[in-house]
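The next block holds one structure in the form of C-alpha coordinates; read it before the comments.
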2 protein chains.
Amino acid sequence: MEAMARSCVDPLFRLLGCYMVLDANDRDALSALEESPLIDKIARCDIAREGENPHVIRLLVSGWACRYKDLPDGRRQIVGFFLPGDFCDMNVAILSELDHSIGTLSRVRYYEIDPERFQDVIDCRPRLTRALLWHELFISAIQREWLLSIGQRSPAERLGHLFVELYFRLKAVGLTEGHSYYFPITQHNLAEANGLSLVHVNRTLKEMRRDGLIEITDRKLRIIDFDRLKQITMFNSNYLHFNRE
Amino acid sequence: MEAMARSCVDPLFRLLGCYMVLDANDRDALSALEESPLIDKIARCDIAREGENPHVIRLLVSGWACRYKDLPDGRRQIVGFFLPGDFCDMNVAILSELDHSIGTLSRVRYYEIDPERFQDVIDCRPRLTRALLWHELFISAIQREWLLSIGQRSPAERLGHLFVELYFRLKAVGLTEGHSYYFPITQHNLAEANGLSLVHVNRTLKEMRRDGLIEITDRKLRIIDFDRLKQITMFNSNYLHFNRE
DNA sequence: CGGATGCTTGATGTATCTCAAGACGTGTGG
DNA sequence: CCACACGTCTTGAGATACATCAAGCATCCG
(Lines give C-alpha, C1' and ligand atoms only; values in the text may rest on other atoms or scores of the structure.)
Protein backbone atom coordinates (compact mmCIF):
# COMPACT_ATOMS: atom_id res chain seq x y z
CA MET A 1 0.00 0.00 0.00
CA GLU A 2 2.82 2.36 0.81
CA ALA A 3 4.49 1.68 -2.49
CA MET A 4 1.15 2.24 -4.15
CA ALA A 5 0.67 5.61 -2.51
CA ARG A 6 3.57 7.00 -4.46
CA SER A 7 2.58 5.33 -7.71
CA CYS A 8 1.29 7.32 -10.65
CA VAL A 9 -1.83 5.22 -11.03
CA ASP A 10 -2.68 5.90 -7.41
CA PRO A 11 -5.34 8.52 -8.24
CA LEU A 12 -7.01 6.11 -10.65
CA PHE A 13 -6.89 3.32 -8.11
CA ARG A 14 -8.41 5.55 -5.45
CA LEU A 15 -11.09 6.80 -7.80
CA LEU A 16 -12.21 3.35 -8.88
CA GLY A 17 -12.08 2.40 -5.23
CA CYS A 18 -14.96 4.82 -4.63
CA TYR A 19 -17.10 2.49 -6.65
CA MET A 20 -15.91 -0.93 -5.53
CA VAL A 21 -13.19 -2.41 -3.40
CA LEU A 22 -10.41 -3.55 -5.70
CA ASP A 23 -8.01 -6.27 -4.68
CA ALA A 24 -4.25 -6.60 -5.03
CA ASN A 25 -4.53 -8.33 -8.38
CA ASP A 26 -6.54 -5.48 -9.85
CA ARG A 27 -4.05 -3.04 -8.43
CA ASP A 28 -1.16 -4.88 -9.98
CA ALA A 29 -2.97 -4.99 -13.29
CA LEU A 30 -3.41 -1.22 -13.22
CA SER A 31 0.25 -0.78 -12.40
CA ALA A 32 1.06 -2.31 -15.75
CA LEU A 33 -0.23 0.91 -17.30
CA GLU A 34 2.75 2.72 -15.83
CA GLU A 35 4.97 1.24 -18.47
CA SER A 36 3.29 3.60 -20.93
CA PRO A 37 5.03 6.80 -21.99
CA LEU A 38 4.49 9.61 -19.50
CA ILE A 39 3.84 12.92 -21.26
CA ASP A 40 4.46 16.35 -19.78
CA LYS A 41 2.59 19.41 -21.11
CA ILE A 42 2.49 23.04 -20.15
CA ALA A 43 -0.70 24.89 -19.28
CA ARG A 44 -3.05 26.21 -21.90
CA CYS A 45 -2.33 23.97 -24.84
CA ASP A 46 -4.31 21.42 -26.81
CA ILE A 47 -3.88 17.72 -26.27
CA ALA A 48 -6.34 16.76 -29.00
CA ARG A 49 -8.65 18.57 -31.37
CA GLU A 50 -12.23 17.84 -32.32
CA GLY A 51 -12.36 15.68 -35.43
CA GLU A 52 -9.16 13.84 -34.69
CA ASN A 53 -9.10 10.13 -34.14
CA PRO A 54 -6.77 9.56 -31.22
CA HIS A 55 -4.80 6.33 -31.29
CA VAL A 56 -4.00 6.33 -27.58
CA ILE A 57 -5.89 6.31 -24.31
CA ARG A 58 -4.81 9.10 -22.00
CA LEU A 59 -4.76 8.75 -18.24
CA LEU A 60 -4.24 12.01 -16.37
CA VAL A 61 -1.71 11.71 -13.57
CA SER A 62 -1.27 15.27 -12.34
CA GLY A 63 -2.64 18.69 -13.16
CA TRP A 64 -5.98 19.73 -14.62
CA ALA A 65 -7.27 19.46 -18.18
CA CYS A 66 -10.65 19.87 -19.80
CA ARG A 67 -12.92 18.80 -22.58
CA TYR A 68 -14.26 21.73 -24.54
CA LYS A 69 -16.33 22.37 -27.62
CA ASP A 70 -16.18 25.47 -29.73
CA LEU A 71 -18.28 27.15 -32.37
CA PRO A 72 -17.02 28.52 -35.68
CA ASP A 73 -17.38 32.08 -34.39
CA GLY A 74 -15.09 31.48 -31.43
CA ARG A 75 -17.51 30.90 -28.60
CA ARG A 76 -16.26 28.10 -26.42
CA GLN A 77 -17.78 25.88 -23.76
CA ILE A 78 -15.86 23.71 -21.34
CA VAL A 79 -17.96 20.57 -20.99
CA GLY A 80 -15.93 18.81 -18.33
CA PHE A 81 -12.83 18.92 -16.19
CA PHE A 82 -10.26 16.16 -16.10
CA LEU A 83 -8.62 15.69 -12.72
CA PRO A 84 -5.84 13.27 -11.75
CA GLY A 85 -7.09 9.71 -12.12
CA ASP A 86 -9.41 10.50 -15.01
CA PHE A 87 -9.25 8.95 -18.44
CA CYS A 88 -9.59 11.44 -21.27
CA ASP A 89 -10.64 9.13 -24.06
CA MET A 90 -11.22 5.58 -23.02
CA ASN A 91 -13.39 4.84 -26.04
CA VAL A 92 -11.10 5.45 -28.95
CA ALA A 93 -11.94 1.95 -30.12
CA ILE A 94 -15.67 2.64 -30.42
CA LEU A 95 -15.89 6.17 -31.78
CA SER A 96 -13.87 7.03 -34.83
CA GLU A 97 -13.74 10.77 -34.30
CA LEU A 98 -13.61 13.09 -31.29
CA ASP A 99 -16.67 15.32 -30.98
CA HIS A 100 -14.78 17.69 -28.69
CA SER A 101 -11.30 18.97 -28.01
CA ILE A 102 -9.07 18.32 -25.03
CA GLY A 103 -6.88 21.05 -23.59
CA THR A 104 -4.67 21.56 -20.57
CA LEU A 105 -5.59 24.08 -17.91
CA SER A 106 -2.45 23.77 -15.79
CA ARG A 107 0.77 21.92 -16.36
CA VAL A 108 -0.19 18.26 -16.63
CA ARG A 109 1.34 14.83 -16.84
CA TYR A 110 -0.47 11.90 -18.42
CA TYR A 111 0.13 8.44 -19.74
CA GLU A 112 -0.40 7.67 -23.37
CA ILE A 113 -1.63 4.13 -23.25
CA ASP A 114 -1.72 1.83 -26.22
CA PRO A 115 -5.30 0.55 -26.61
CA GLU A 116 -4.00 -2.98 -26.96
CA ARG A 117 -2.10 -2.80 -23.71
CA PHE A 118 -5.20 -1.38 -22.14
CA GLN A 119 -7.25 -4.27 -23.43
CA ASP A 120 -4.68 -6.71 -22.05
CA VAL A 121 -5.04 -5.15 -18.63
CA ILE A 122 -8.80 -5.47 -18.44
CA ASP A 123 -9.15 -8.76 -20.27
CA CYS A 124 -10.24 -11.46 -17.88
CA ARG A 125 -10.76 -8.87 -15.14
CA PRO A 126 -14.50 -8.36 -15.07
CA ARG A 127 -14.29 -6.34 -11.85
CA LEU A 128 -11.91 -3.90 -13.43
CA THR A 129 -13.94 -3.74 -16.61
CA ARG A 130 -16.97 -2.98 -14.52
CA ALA A 131 -15.17 -0.27 -12.57
CA LEU A 132 -14.00 1.38 -15.79
CA LEU A 133 -17.50 1.30 -17.23
CA TRP A 134 -18.61 2.97 -14.01
CA HIS A 135 -16.04 5.69 -14.66
CA GLU A 136 -17.69 6.43 -17.99
CA LEU A 137 -21.13 6.60 -16.43
CA PHE A 138 -19.70 8.81 -13.68
CA ILE A 139 -18.47 11.31 -16.27
CA SER A 140 -21.81 11.18 -18.05
CA ALA A 141 -23.68 11.81 -14.80
CA ILE A 142 -21.52 14.85 -14.12
CA GLN A 143 -22.43 16.20 -17.55
CA ARG A 144 -26.09 15.87 -16.66
CA GLU A 145 -25.58 17.73 -13.41
CA TRP A 146 -23.81 20.49 -15.34
CA LEU A 147 -26.83 20.74 -17.64
CA LEU A 148 -28.98 21.24 -14.57
CA SER A 149 -26.56 23.85 -13.27
CA ILE A 150 -26.20 25.87 -16.44
CA GLY A 151 -29.87 25.58 -17.30
CA GLN A 152 -31.37 26.34 -13.89
CA ARG A 153 -28.93 27.41 -11.22
CA SER A 154 -28.05 31.07 -10.67
CA PRO A 155 -24.46 32.11 -11.33
CA ALA A 156 -23.54 31.93 -7.64
CA GLU A 157 -25.23 28.55 -7.26
CA ARG A 158 -23.46 27.32 -10.38
CA LEU A 159 -20.01 28.31 -9.23
CA GLY A 160 -20.61 27.09 -5.70
CA HIS A 161 -21.94 23.78 -6.92
CA LEU A 162 -18.88 23.31 -9.09
CA PHE A 163 -16.58 24.04 -6.15
CA VAL A 164 -18.31 21.39 -4.06
CA GLU A 165 -18.22 18.89 -6.92
CA LEU A 166 -14.51 19.47 -7.42
CA TYR A 167 -14.00 19.08 -3.69
CA PHE A 168 -15.59 15.62 -3.72
CA ARG A 169 -13.75 14.52 -6.84
CA LEU A 170 -10.40 15.71 -5.55
CA LYS A 171 -11.02 14.24 -2.13
CA ALA A 172 -11.69 10.92 -3.81
CA VAL A 173 -8.19 10.95 -5.27
CA GLY A 174 -6.56 12.27 -2.12
CA LEU A 175 -5.91 15.82 -3.28
CA THR A 176 -7.66 17.89 -0.64
CA GLU A 177 -6.50 19.35 2.65
CA GLY A 178 -9.45 20.01 4.87
CA HIS A 179 -11.86 21.88 2.64
CA SER A 180 -9.06 23.37 0.53
CA TYR A 181 -7.54 22.29 -2.72
CA TYR A 182 -5.11 23.35 -5.41
CA PHE A 183 -7.09 25.39 -7.91
CA PRO A 184 -5.03 26.17 -10.98
CA ILE A 185 -7.71 27.60 -13.27
CA THR A 186 -8.54 31.19 -14.13
CA GLN A 187 -11.79 33.11 -13.81
CA HIS A 188 -11.87 32.98 -17.58
CA ASN A 189 -11.96 29.18 -17.41
CA LEU A 190 -14.75 29.33 -14.85
CA ALA A 191 -16.69 31.57 -17.22
CA GLU A 192 -16.20 29.13 -20.10
CA ALA A 193 -17.34 26.21 -17.99
CA ASN A 194 -20.42 27.91 -16.60
CA GLY A 195 -21.78 29.83 -19.55
CA LEU A 196 -21.05 33.21 -17.94
CA SER A 197 -19.01 36.24 -18.87
CA LEU A 198 -15.65 36.74 -17.25
CA VAL A 199 -16.82 39.95 -15.65
CA HIS A 200 -19.83 38.32 -14.13
CA VAL A 201 -17.77 35.47 -12.70
CA ASN A 202 -15.54 38.04 -11.10
CA ARG A 203 -18.41 39.88 -9.48
CA THR A 204 -20.09 36.68 -8.35
CA LEU A 205 -16.90 35.42 -6.74
CA LYS A 206 -16.53 38.72 -4.97
CA GLU A 207 -20.02 38.29 -3.61
CA MET A 208 -19.31 34.74 -2.44
CA ARG A 209 -16.15 35.97 -0.77
CA ARG A 210 -18.08 38.71 0.96
CA ASP A 211 -20.64 36.15 2.15
CA GLY A 212 -17.89 34.12 3.78
CA LEU A 213 -18.42 31.10 1.57
CA ILE A 214 -15.10 30.71 -0.18
CA GLU A 215 -11.67 32.21 -0.60
CA ILE A 216 -9.31 31.88 -3.53
CA THR A 217 -5.74 32.92 -2.94
CA ASP A 218 -2.53 31.85 -4.50
CA ARG A 219 -3.92 29.11 -6.75
CA LYS A 220 -5.72 27.62 -3.79
CA LEU A 221 -9.43 27.40 -3.16
CA ARG A 222 -10.73 27.18 0.36
CA ILE A 223 -14.36 26.48 1.10
CA ILE A 224 -14.96 28.37 4.33
CA ASP A 225 -18.50 27.30 5.12
CA PHE A 226 -18.85 23.90 3.51
CA ASP A 227 -22.26 23.00 4.89
CA ARG A 228 -23.79 26.31 3.95
CA LEU A 229 -22.31 26.11 0.46
CA LYS A 230 -23.74 22.62 -0.02
CA GLN A 231 -27.10 23.84 1.13
CA ILE A 232 -27.15 27.03 -0.93
CA THR A 233 -26.14 25.24 -4.13
CA MET A 234 -28.59 22.42 -3.46
CA PHE A 235 -25.82 19.89 -3.74
CA ASN A 236 -26.98 16.29 -3.81
CA SER A 237 -23.99 14.02 -4.09
CA ASN A 238 -25.91 11.05 -5.42
CA TYR A 239 -24.94 11.88 -9.01
CA LEU A 240 -21.30 11.09 -8.24
CA HIS A 241 -22.24 7.48 -7.52
CA PHE A 242 -19.52 7.05 -4.91
CA ASN A 243 -20.73 4.00 -3.09
CA ARG A 244 -18.30 4.64 -0.23
CA GLU A 245 -17.31 8.13 0.82
CA MET B 1 -36.89 -7.24 -43.79
CA GLU B 2 -40.56 -6.57 -44.36
CA ALA B 3 -41.51 -8.46 -41.23
CA MET B 4 -38.88 -6.48 -39.41
CA ALA B 5 -40.26 -3.18 -40.60
CA ARG B 6 -43.37 -3.74 -38.58
CA SER B 7 -41.53 -5.09 -35.58
CA CYS B 8 -41.33 -3.13 -32.35
CA VAL B 9 -37.55 -3.36 -32.15
CA ASP B 10 -37.30 -1.88 -35.61
CA PRO B 11 -36.34 1.61 -34.37
CA LEU B 12 -33.58 0.13 -32.23
CA PHE B 13 -32.33 -1.98 -35.10
CA ARG B 14 -32.28 1.02 -37.40
CA LEU B 15 -30.55 3.18 -34.82
CA LEU B 16 -27.77 0.70 -34.14
CA GLY B 17 -27.50 0.30 -37.89
CA CYS B 18 -26.33 3.90 -38.07
CA TYR B 19 -23.22 2.79 -36.28
CA MET B 20 -22.52 -0.58 -37.86
CA VAL B 21 -24.14 -2.98 -40.26
CA LEU B 22 -25.85 -5.66 -38.23
CA ASP B 23 -26.55 -9.09 -39.66
CA ALA B 24 -29.58 -11.34 -39.50
CA ASN B 25 -28.31 -13.08 -36.38
CA ASP B 26 -28.03 -9.82 -34.49
CA ARG B 27 -31.47 -8.85 -35.68
CA ASP B 28 -32.92 -12.11 -34.48
CA ALA B 29 -31.20 -11.69 -31.14
CA LEU B 30 -32.78 -8.25 -30.73
CA SER B 31 -36.16 -9.67 -31.62
CA ALA B 32 -35.95 -11.82 -28.53
CA LEU B 33 -36.45 -8.62 -26.54
CA GLU B 34 -39.99 -8.44 -27.88
CA GLU B 35 -41.04 -11.19 -25.50
CA SER B 36 -40.71 -8.63 -22.71
CA PRO B 37 -43.83 -6.94 -21.31
CA LEU B 38 -44.91 -3.97 -23.41
CA ILE B 39 -46.01 -1.06 -21.23
CA ASP B 40 -48.36 1.72 -22.29
CA LYS B 41 -48.30 5.10 -20.52
CA ILE B 42 -50.11 8.35 -20.98
CA ALA B 43 -48.36 11.67 -21.52
CA ARG B 44 -46.93 13.67 -18.68
CA CYS B 45 -46.29 11.03 -16.07
CA ASP B 46 -43.23 9.65 -14.38
CA ILE B 47 -41.70 6.36 -15.40
CA ALA B 48 -39.01 6.48 -12.73
CA ARG B 49 -37.89 8.91 -10.07
CA GLU B 50 -34.42 10.02 -9.08
CA GLY B 51 -33.10 7.88 -6.25
CA GLU B 52 -34.91 4.76 -7.36
CA ASN B 53 -33.07 1.65 -8.34
CA PRO B 54 -34.85 0.34 -11.41
CA HIS B 55 -34.88 -3.42 -11.81
CA VAL B 56 -35.67 -3.38 -15.51
CA ILE B 57 -34.16 -2.00 -18.69
CA ARG B 58 -36.60 0.09 -20.67
CA LEU B 59 -36.60 0.25 -24.44
CA LEU B 60 -38.81 2.97 -25.90
CA VAL B 61 -40.91 1.76 -28.81
CA SER B 62 -43.17 4.69 -29.59
CA GLY B 63 -43.75 8.21 -28.29
CA TRP B 64 -41.36 10.61 -26.60
CA ALA B 65 -40.00 10.61 -23.07
CA CYS B 66 -37.25 12.50 -21.30
CA ARG B 67 -34.66 12.44 -18.60
CA TYR B 68 -34.97 15.35 -16.24
CA LYS B 69 -33.44 16.57 -13.03
CA ASP B 70 -35.10 18.86 -10.55
CA LEU B 71 -34.07 21.04 -7.65
CA PRO B 72 -35.73 21.12 -4.23
CA ASP B 73 -37.32 24.48 -5.06
CA GLY B 74 -39.07 23.15 -8.15
CA ARG B 75 -36.79 24.28 -10.94
CA ARG B 76 -36.50 21.53 -13.50
CA GLN B 77 -34.15 20.78 -16.37
CA ILE B 78 -34.75 18.25 -19.11
CA VAL B 79 -31.33 16.74 -19.77
CA GLY B 80 -32.24 14.51 -22.70
CA PHE B 81 -35.03 13.28 -24.91
CA PHE B 82 -35.82 9.63 -25.44
CA LEU B 83 -37.09 8.80 -28.90
CA PRO B 84 -38.26 5.44 -30.27
CA GLY B 85 -35.32 3.03 -30.31
CA ASP B 86 -33.64 4.55 -27.26
CA PHE B 87 -32.87 2.71 -24.06
CA CYS B 88 -33.77 4.64 -20.92
CA ASP B 89 -31.57 2.88 -18.42
CA MET B 90 -29.28 0.29 -19.87
CA ASN B 91 -26.93 0.41 -16.89
CA VAL B 92 -29.12 -0.61 -14.01
CA ALA B 93 -26.54 -3.29 -13.24
CA ILE B 94 -23.70 -0.81 -12.74
CA LEU B 95 -25.29 2.11 -10.92
CA SER B 96 -27.35 1.43 -7.86
CA GLU B 97 -29.40 4.58 -7.94
CA LEU B 98 -30.83 6.85 -10.64
CA ASP B 99 -29.39 10.37 -10.56
CA HIS B 100 -32.30 11.68 -12.61
CA SER B 101 -35.96 11.04 -13.25
CA ILE B 102 -37.62 9.71 -16.36
CA GLY B 103 -40.96 11.07 -17.52
CA THR B 104 -43.23 10.74 -20.52
CA LEU B 105 -43.84 13.69 -22.82
CA SER B 106 -46.43 12.06 -25.07
CA ARG B 107 -48.21 8.77 -24.85
CA VAL B 108 -45.48 6.12 -25.00
CA ARG B 109 -45.01 2.41 -25.28
CA TYR B 110 -41.91 0.67 -24.02
CA TYR B 111 -40.57 -2.75 -23.16
CA GLU B 112 -39.59 -3.56 -19.64
CA ILE B 113 -36.70 -5.90 -20.17
CA ASP B 114 -35.34 -8.19 -17.52
CA PRO B 115 -31.61 -7.46 -17.17
CA GLU B 116 -30.87 -11.18 -17.30
CA ARG B 117 -32.72 -11.61 -20.55
CA PHE B 118 -30.86 -8.58 -21.84
CA GLN B 119 -27.56 -10.14 -20.84
CA ASP B 120 -28.54 -13.37 -22.60
CA VAL B 121 -29.17 -11.43 -25.80
CA ILE B 122 -25.80 -9.74 -25.89
CA ASP B 123 -23.72 -12.58 -24.47
CA CYS B 124 -21.50 -13.98 -27.15
CA ARG B 125 -22.48 -11.19 -29.53
CA PRO B 126 -19.54 -8.81 -29.39
CA ARG B 127 -20.87 -6.78 -32.33
CA LEU B 128 -24.14 -6.15 -30.56
CA THR B 129 -22.36 -5.38 -27.30
CA ARG B 130 -20.23 -2.91 -29.17
CA ALA B 131 -23.24 -1.28 -30.82
CA LEU B 132 -24.97 -0.91 -27.47
CA LEU B 133 -21.90 0.65 -25.93
CA TRP B 134 -21.92 3.03 -28.88
CA HIS B 135 -25.51 3.94 -27.97
CA GLU B 136 -24.37 4.99 -24.51
CA LEU B 137 -21.57 7.12 -25.93
CA PHE B 138 -24.02 8.60 -28.42
CA ILE B 139 -26.28 9.76 -25.60
CA SER B 140 -23.30 11.15 -23.73
CA ALA B 141 -22.13 13.06 -26.80
CA ILE B 142 -25.58 14.60 -27.17
CA GLN B 143 -25.37 15.79 -23.57
CA ARG B 144 -22.10 17.52 -24.37
CA GLU B 145 -23.62 19.24 -27.37
CA TRP B 146 -26.49 20.41 -25.18
CA LEU B 147 -23.98 21.88 -22.76
CA LEU B 148 -22.50 23.82 -25.65
CA SER B 149 -25.98 24.93 -26.72
CA ILE B 150 -27.22 26.05 -23.33
CA GLY B 151 -23.90 27.61 -22.39
CA GLN B 152 -23.12 29.45 -25.62
CA ARG B 153 -25.87 29.42 -28.22
CA SER B 154 -28.54 32.13 -28.33
CA PRO B 155 -32.13 31.07 -27.67
CA ALA B 156 -32.93 30.89 -31.40
CA GLU B 157 -29.76 28.97 -32.12
CA ARG B 158 -30.52 26.63 -29.26
CA LEU B 159 -34.02 25.82 -30.40
CA GLY B 160 -32.98 25.54 -34.02
CA HIS B 161 -30.10 23.27 -33.18
CA LEU B 162 -32.39 21.02 -31.20
CA PHE B 163 -34.83 20.81 -34.10
CA VAL B 164 -32.05 19.73 -36.44
CA GLU B 165 -30.75 17.21 -33.93
CA LEU B 166 -34.19 15.71 -33.49
CA TYR B 167 -34.56 15.57 -37.25
CA PHE B 168 -31.40 13.48 -37.59
CA ARG B 169 -32.30 11.22 -34.71
CA LEU B 170 -35.83 10.65 -35.96
CA LYS B 171 -34.66 10.15 -39.51
CA ALA B 172 -32.30 7.46 -38.23
CA VAL B 173 -35.25 5.50 -36.90
CA GLY B 174 -37.44 6.17 -39.91
CA LEU B 175 -39.81 8.67 -38.35
CA THR B 176 -39.48 11.67 -40.64
CA GLU B 177 -41.35 12.73 -43.77
CA GLY B 178 -39.24 15.09 -45.78
CA HIS B 179 -38.07 17.63 -43.25
CA SER B 180 -41.14 17.20 -41.08
CA TYR B 181 -41.77 15.07 -38.03
CA TYR B 182 -44.30 14.39 -35.32
CA PHE B 183 -43.58 16.82 -32.53
CA PRO B 184 -45.62 16.03 -29.45
CA ILE B 185 -44.01 18.32 -26.90
CA THR B 186 -45.12 21.69 -25.58
CA GLN B 187 -43.35 25.03 -25.57
CA HIS B 188 -43.10 24.52 -21.84
CA ASN B 189 -41.04 21.36 -22.47
CA LEU B 190 -38.84 23.26 -24.89
CA ALA B 191 -38.26 25.86 -22.20
CA GLU B 192 -37.33 23.19 -19.66
CA ALA B 193 -34.90 21.56 -22.06
CA ASN B 194 -33.20 24.78 -23.12
CA GLY B 195 -32.94 26.73 -19.90
CA LEU B 196 -35.37 29.41 -21.11
CA SER B 197 -38.67 30.78 -19.91
CA LEU B 198 -41.84 29.65 -21.60
CA VAL B 199 -42.58 33.18 -22.76
CA HIS B 200 -39.19 33.56 -24.32
CA VAL B 201 -39.52 30.26 -26.17
CA ASN B 202 -42.82 31.48 -27.52
CA ARG B 203 -41.37 34.73 -28.80
CA THR B 204 -38.34 33.04 -30.24
CA LEU B 205 -40.45 30.52 -32.12
CA LYS B 206 -42.54 33.35 -33.48
CA GLU B 207 -39.38 34.97 -34.75
CA MET B 208 -38.19 31.74 -36.36
CA ARG B 209 -41.57 31.34 -37.99
CA ARG B 210 -41.41 34.89 -39.30
CA ASP B 211 -37.95 34.19 -40.70
CA GLY B 212 -39.29 31.27 -42.66
CA LEU B 213 -37.20 28.70 -40.82
CA ILE B 214 -39.76 26.43 -39.24
CA GLU B 215 -43.44 25.88 -38.77
CA ILE B 216 -45.20 24.00 -35.99
CA THR B 217 -48.80 23.10 -36.58
CA ASP B 218 -50.96 20.33 -35.29
CA ARG B 219 -48.27 18.46 -33.33
CA LYS B 220 -46.07 18.50 -36.38
CA LEU B 221 -42.79 20.31 -36.90
CA ARG B 222 -41.71 21.25 -40.38
CA ILE B 223 -38.25 22.62 -41.08
CA ILE B 224 -38.81 24.94 -44.01
CA ASP B 225 -35.27 25.97 -44.81
CA PHE B 226 -33.16 23.07 -43.61
CA ASP B 227 -29.81 24.24 -44.97
CA ARG B 228 -30.19 27.73 -43.56
CA LEU B 229 -31.24 26.36 -40.19
CA LYS B 230 -28.20 24.09 -40.10
CA GLN B 231 -25.99 27.00 -40.95
CA ILE B 232 -27.53 29.47 -38.51
CA THR B 233 -27.35 27.04 -35.62
CA MET B 234 -23.82 25.99 -36.54
CA PHE B 235 -24.87 22.39 -36.69
CA ASN B 236 -22.01 19.94 -37.01
CA SER B 237 -23.39 16.43 -37.13
CA ASN B 238 -20.15 14.75 -36.11
CA TYR B 239 -21.30 14.48 -32.50
CA LEU B 240 -24.02 12.05 -33.48
CA HIS B 241 -21.38 9.58 -34.61
CA PHE B 242 -23.57 8.12 -37.35
CA ASN B 243 -21.03 6.39 -39.47
CA ARG B 244 -23.52 6.04 -42.29
CA GLU B 245 -26.25 8.64 -42.89
C1' DC C 1 -71.62 24.90 -21.84
C1' DG C 2 -67.53 25.17 -18.49
C1' DG C 3 -63.04 23.85 -17.43
C1' DA C 4 -58.36 22.40 -19.06
C1' DT C 5 -54.63 23.14 -21.73
C1' DG C 6 -51.59 25.44 -24.63
C1' DC C 7 -50.43 29.54 -27.27
C1' DT C 8 -49.80 34.50 -27.67
C1' DT C 9 -48.90 39.17 -26.34
C1' DG C 10 -47.81 43.47 -23.48
C1' DA C 11 -45.60 45.92 -19.69
C1' DT C 12 -41.98 46.13 -16.56
C1' DG C 13 -37.80 45.19 -13.94
C1' DT C 14 -33.48 43.20 -13.50
C1' DA C 15 -29.74 40.16 -14.30
C1' DT C 16 -26.15 39.77 -17.17
C1' DC C 17 -23.37 41.11 -21.08
C1' DT C 18 -20.19 44.27 -23.51
C1' DC C 19 -16.95 47.72 -23.71
C1' DA C 20 -13.39 50.19 -21.47
C1' DA C 21 -9.86 51.13 -18.27
C1' DG C 22 -7.00 50.70 -14.22
C1' DA C 23 -4.36 47.90 -10.63
C1' DC C 24 -1.42 44.37 -9.60
C1' DG C 25 1.97 40.74 -9.99
C1' DT C 26 5.34 38.25 -12.71
C1' DG C 27 8.55 37.21 -16.00
C1' DT C 28 11.81 39.08 -19.63
C1' DG C 29 15.09 41.59 -22.14
C1' DG C 30 17.98 45.64 -22.24
C1' DC D 1 18.27 46.41 -11.77
C1' DC D 2 14.91 48.80 -14.21
C1' DA D 3 11.49 49.23 -17.94
C1' DC D 4 8.24 47.00 -20.18
C1' DA D 5 4.95 43.58 -21.75
C1' DC D 6 1.69 40.39 -20.47
C1' DG D 7 -1.76 37.90 -17.99
C1' DT D 8 -5.10 38.14 -14.50
C1' DC D 9 -8.13 40.34 -11.53
C1' DT D 10 -11.09 44.20 -10.56
C1' DT D 11 -14.34 47.89 -11.23
C1' DG D 12 -17.53 51.25 -13.69
C1' DA D 13 -21.06 52.71 -17.08
C1' DG D 14 -24.35 51.67 -20.31
C1' DA D 15 -27.07 48.60 -23.28
C1' DT D 16 -30.00 44.72 -23.76
C1' DA D 17 -31.53 40.15 -23.42
C1' DC D 18 -34.29 37.61 -20.76
C1' DA D 19 -37.39 36.68 -16.86
C1' DT D 20 -41.58 37.67 -14.43
C1' DC D 21 -46.15 39.03 -13.95
C1' DA D 22 -50.54 39.45 -15.94
C1' DA D 23 -54.11 38.85 -19.23
C1' DG D 24 -56.60 37.42 -23.38
C1' DC D 25 -57.68 33.80 -26.87
C1' DA D 26 -58.27 29.48 -29.26
C1' DT D 27 -59.05 24.71 -29.10
C1' DC D 28 -60.44 20.55 -27.28
C1' DC D 29 -63.27 17.63 -24.51
C1' DG D 30 -66.28 15.93 -21.09
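Naming convention: chains lettered A, B, ... in sequence-line order (proteins, then strands); numbering from 1 in each chain. For the numbers below, each heavy atom of this structure counts, side chains included, while hydrogens, waters and symmetry mates do not.
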Pull out every protein N or O sitting under 3.5 Å from an N or O of nucleotides 22-24 of chain C, one pair per line with the distance.
none

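- Atoms CZ (B/Arg209) and P (C/dC7) sit 10 Å apart, rounded to a whole Å.
- Within 6.0 Å of CZ on A/Arg107 lie no more than 12 heavy atoms contributed by other residues, nucleotides or ligands.
- OP1 or OP2 of C/dT8 has not a single side-chain nitrogen or oxygen of B/Lys206 nearer than 4.0 Å.
- Using cut-offs of 30° and 60° for the angle between ring planes, the B/Trp146 and B/Phe81 rings count as perpendicular.
- Summarising the local packing, CD of B/Glu177 is surrounded by 12 or fewer heavy atoms from other residues, nucleotides or ligands at distances under 6.0 Å.
- At whole-Å resolution of the value, CG in B/Leu205 and P in C/dC7 are 9 Å apart.
- Between B/Asn202 atom CG and C/dG6 atom C1' the separation is 10 Å, expressed in whole Å.
- For D/dG7, neither phosphate oxygen OP1 nor OP2 lies less than 4.0 angstrom from any side-chain nitrogen or oxygen of A/Gln187.
- Residues A/Tyr110 and A/Phe82 keep their aromatic ring centres 6.0 Å or farther apart.
- Summarising the geometry, the separation between CD1 on A/Ile216 and P on D/dC9 is reported as 8 Å, rounded to the nearest angstrom.
- Listed here is the closest heavy atom pair of B/Leu60 and B/Arg109: CD1-O, 3.5 Å.
- Between the CZ atom of A/Phe183 and the P atom of D/dC9 there is a distance of 10 Å, rounded to whole Å.
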Considering only nitrogen or oxygen atoms on both sides, find all protein atoms under 3.5 Å from nucleotides 18-22 of chain D and state each distance.
| residue | atom | partner | partner atom | Å |
| --- | --- | --- | --- | --- |
| D/dC18 | OP2 | B/His200 | NE2 | 3.4 |
| D/dA19 | OP1 | B/Ser197 | N | 3.1 |
| D/dA19 | OP2 | B/Ser197 | N | 3.2 |
| D/dA19 | OP2 | B/Ser197 | OG | 3.0 |

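- With rounding to whole Å, B/Ile214 atom CD1 is found 14 Å from C/dC7 atom C1'.
- Here the closest heavy-atom approach between residue B/Leu12 and residue B/Leu33 is recorded as CD2-CD1, 4.3 Å.
- A donor-acceptor pair shorter than 3.5 Å can be found between the side chains of B/Asp46 and B/Tyr68.
- Between the CD atom of B/Gln152 and the P atom of C/dT16 there is a distance of 15 Å, given to the nearest Å.
- The aromatic rings of B/Phe235 and B/Phe168 lie parallel to each other, their planes meeting at an angle below 30°, with 60° marking the opposite boundary.
- Between the CZ atom of B/Arg44 and the P atom of C/dT5 there is a distance of 8 Å, given to the nearest Å.
- More than 12 heavy atoms of other residues, nucleotides or ligands lie within 6.0 Å of CD in A/Glu215, so this atom counts as buried by the packing criterion.
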